[in-house]
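A short write-up of the structure that comes next.
In listed order, ligands and their atoms are each counted from 1.
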Amino acid sequence: MKRLRGLAAAPGVARAGWVRIDPAPAPMGGRTSAAGVVGEVRRLAEASASAAVDLEAISNDVRKEGHPDEAAIFEAQAAIARDPALAAMATERIRDAHDDAIAAVLEAAGAFADQLRSLEDELLAARAADVIDVGDRIARRIAGIDQPTVGLERAAVVVADDLPPSVTATLPRERLLGIALAGSSPTAHAAILARAYGIPAVVAVRDLLETLTAAAESGNQSELAIDGATGDVFVDPDEATIKRLNQAATSGRERHEQDLVEARFPAVTHDGTAVSLVANIGTPDESDGAIALGAEGVGLFRTEFLFLERTSPPSEDEQCAAYERAIRAFAPHPVTIRLLDVGGDKPIPYLPIASEANPFLGVRALRLARTAPDLFVTQLRACYRAAAAGPVKVMAPMVADLGDVELLLTLAERARTELTEEGCPIGDVALGVMLEIPSAILVSDTYFGRIAFASLGTNDLAQYTLAVDRGNPALEQYRDALHPAVLCLIAQAVDAATRSGIELSVCGEMAGDPAAALALVGLGLRSLSMAAPSLPAVRRAIRGSAAAELASAARAALDEASATAARARFDALLPAGGRA
Ligand code: PEP
Ligand code: MG
């Protein structure tokens, strides 16, 4: 047996023989003459249009199978095929370098993908594979070669360097037992599709292809076992490993069944303090899973997914439809929509944001509304319209002080007035802010009276309080949000919210960490929002503790000298199993 390490991409265990899929070689590009330029430009345009039609057809098929969000991946690919910027880059190569249409589109897609990779954003870098996939599809169209269809003659784990989304979506699902990739990342579309289809997947597996090639060359038809929850890959697993993996699969299923049963139990401490547990979601498709785990509403709907990976902003109607899907799913519980949180750290091509030396301290989130107010008014209009379908709260990210609150209120008023004058039906929207910049807490008394609620974004709050870049793995030892400095700010926010009588909740990762969740309850928070998979453990931790004990531990933690000491106080209060 050989064990290889990769990254967990889609949970579940698969054990079977493997089939390697190599990308079909792209057609060869060539050169043209000055006289051939017009013809090549026309071939490029025709092939791009028909590739877009193919991708729209895949999108429709995936939607019909009940995966609307995954269908959007292929819509986005169709948009890339129609993207005038890609066409302009390729046309330039035909005109200036006399590349033929095939060479030009492959070059242009490669250059476009390189630009995405250079942005140092994991999500956008993962999209480079989509652009290459589209360039390849257009080149095949020009060459008149069919798109390769990948059949699986037997049920197997598919092994590849990377899998383009269009191949992943078209693999025969009944024979696709698992996916193991040497490259890719957990946020790439191959992984997103695997999660949506419930197929175990592991990505970025070191030495995968080399090991399997060597095994195949020695005539050994090896078996592969993958654990999509841990990222482990075993080549020819031994009996003990098979037993352990089977147990892991069974206990994973049993734990999930148990979680679904416990989802109906209220999150109430022994001594009767009730805590509302709600979900963080990134797309409306996550609603059903979160509701099944007992989420009583959404405390943070990150709306960035609608805005990234495209060449123009989503329309008001498109946004409204996405928000309505989540609102209808969670009604009568409220959905808290967060206004767009992008900027220097999450660049989007259609927004002219200058590159910045310190993007986390730059023109990010609500700060963008000062130069691009229409973008936010359109989003707010979509929120007001969607609110006709059920209760909605809207919050602004990266609010620093009263000035930002006034900006939010002005934009919201503009959206509401416009819709009313147009006679468009709207619903009530509660307006609030995220507390993720320390200044916003320190001066909260100056504006809490103007808003309905606030939510602590502890990921950024810890980053800005402790001066710890949230993406830098070298700073792990400094990162714990249970640092007493962060706890003091949270305590201050609780006091200010109580004075002003506004609702206060938490939507940073801290809320989904059982020990930290107990600290938050101890500090007086009564609403916690977290990624749905964290709900069961937090629910168990709260049900296993006493609010009075948590309050006295929280008071003591405020005076501790380190996050480690503060955390130890709450670890000690976790009931057995609360940690899981
Ligand atoms: C936060 O900062 O805690 C938060 C919830 O927002 P995000 O992680 O999206 O920045
Ligand atoms: Mg944040």
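Residue Glu509 does not touch ligand 1, judged by heavy-atom distances below 4.0 Å. Residue contacts with ligand 1 for Met434 involve side-chain atoms from C-beta outward but no N, CA, C or O (heavy atoms, distance under 4.0 Å).
Of all N, O or S atoms in Glu436, the one lying closest to the Mg ion (ligand 2) is OE1.
Here Asp404 pairs with Arg370 in a salt bridge; the nearest charged N to carboxylate O distance falls below 4.0 Å. Using a cutoff of 4.0 Å between basic side-chain nitrogens and carboxylate oxygens, Glu418 and Arg381 are scored as salt-bridged. With respect to the salt-bridge test (charged N to carboxylate O, under 4.0 angstrom), the residues Arg302 and Glu286 do not qualify.
Which of Arg338, Gln463, Glu436, Glu304 comes nearest to atom 7 (P) of ligand 1 through a heavy atom is settled by distance: it is Arg338. Considering only non-hydrogen atoms, atom 3 (O) of ligand 1 lies nearest to Asn459 out of Asn280, Leu461, Asn459.
At least one heavy atom of Arg364 sits closer than 4.0 Å to an atom of ligand 1.
In the model, Glu503 has no side-chain atom that pairs as donor or acceptor with a side-chain atom of Ser527 under 3.5 Å.
The N/O atoms of Gly457, backbone and side chain alike, include one that comes under 3.5 Å of an N/O atom in ligand 1.
Taking 2.8 Å as the criterion, Asp460 counts as a coordinating residue of the Mg ion (ligand 2), since one of its N, O or S atoms falls below it.
Between the side chain of Arg364 and the backbone N or O of Pro359 there is no donor-acceptor pair closer than 3.5 Å. With Ser545 contributing its side chain and Ile542 its backbone, the two residues share a donor-acceptor pair below 3.5 Å.
Atom CZ of Arg540 and atom CG of Leu535 lie 11.0 Å apart (nearest 0.5 Å).
Listed by number with element, the atoms of ligand 1 under 4.0 Å from a non-hydrogen atom of Leu300 are 5 (C).
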